[in-house]
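Okay, structure first, notes after.
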Amino acid sequence: MTITITEHTIRLATTPSSPDDGEGDADVVVQTKPKTKRPPLYKVLLLNDDYTPMEFVVHVLERFFSMSHAQAFEIMLTVHKKGVAVVGVFSHEIAETKVGQVMDFARRHQHPLQCTMEKE
Ligand code: TYC
């Protein structure tokens, strides 16, 4: 079994008030220091397909990712040419919400547009 310690750093220190009495082991204090870890971030990706209209993708990027029209058009073209692009980086919860909103919006308009997320 592998035990991985990720939440705490452990510091070993001899206590100042414990003179060695010759009785064997010296006293040792184990201090655990809570270590704050930044939450992981997730990239939201938009995938190309042959059927979703370009204007629809531009609208999605404006509506759900707060892009200007020019920015949205540029990213849409990147996806169209390269197959995929990162359209934003968010916490897990926000990324999941964005993916859900895009997938639901595309489904309701009967377009095959795909949106996914992956850990950064
Ligand atoms: N390739 C699509 C077309 O030619 C446009 C498109 C762009 C589709 C980006 C999806 O994420 C996408 N109509």
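Each ligand, and each atom within it, is numbered from 1 in the order the structure gives. Worth knowing before you read on, the calculation uses all heavy atoms, side chains too, and leaves out hydrogens, waters and symmetry mates.
- Within the structure, every pair that satisfies the salt bridge (charged side-chain N to carboxylate O under 4.0 Å, His left out) test and touches residues 98-112, not counting sequence neighbours, is listed here: D104-R107, D104-R108.
- Within a 6.0 Å radius of CD in E74, no more than 12 heavy atoms belonging to other residues, nucleotides or ligands are found.
- Residues Q114 and M103 are in side-chain contact: their nearest non-hydrogen atoms beyond the backbone lie under 4.5 Å apart.
- Applying the salt bridge (charged side-chain N to carboxylate O under 4.0 Å, His left out) test to residues at least two apart or on different chains, the pairs with a partner in residues 109-119 are K43-E118.
- Atom CZ of F105 has more than 12 neighbouring heavy atoms from other residues, nucleotides or ligands inside a 6.0 Å radius.
- Sorted by first then second residue, the side-chain hydrogen bond (donor to acceptor under 3.5 Å, both in side chains) pairs that include residues 82-94, not counting sequence neighbours, number zero.
- Contact residues for ligand 1 (protein heavy atom closer than 4.0 angstrom to any ligand atom): L46, L47, N48, D49, T52, M54, V57, M76, V79, H80, L113.
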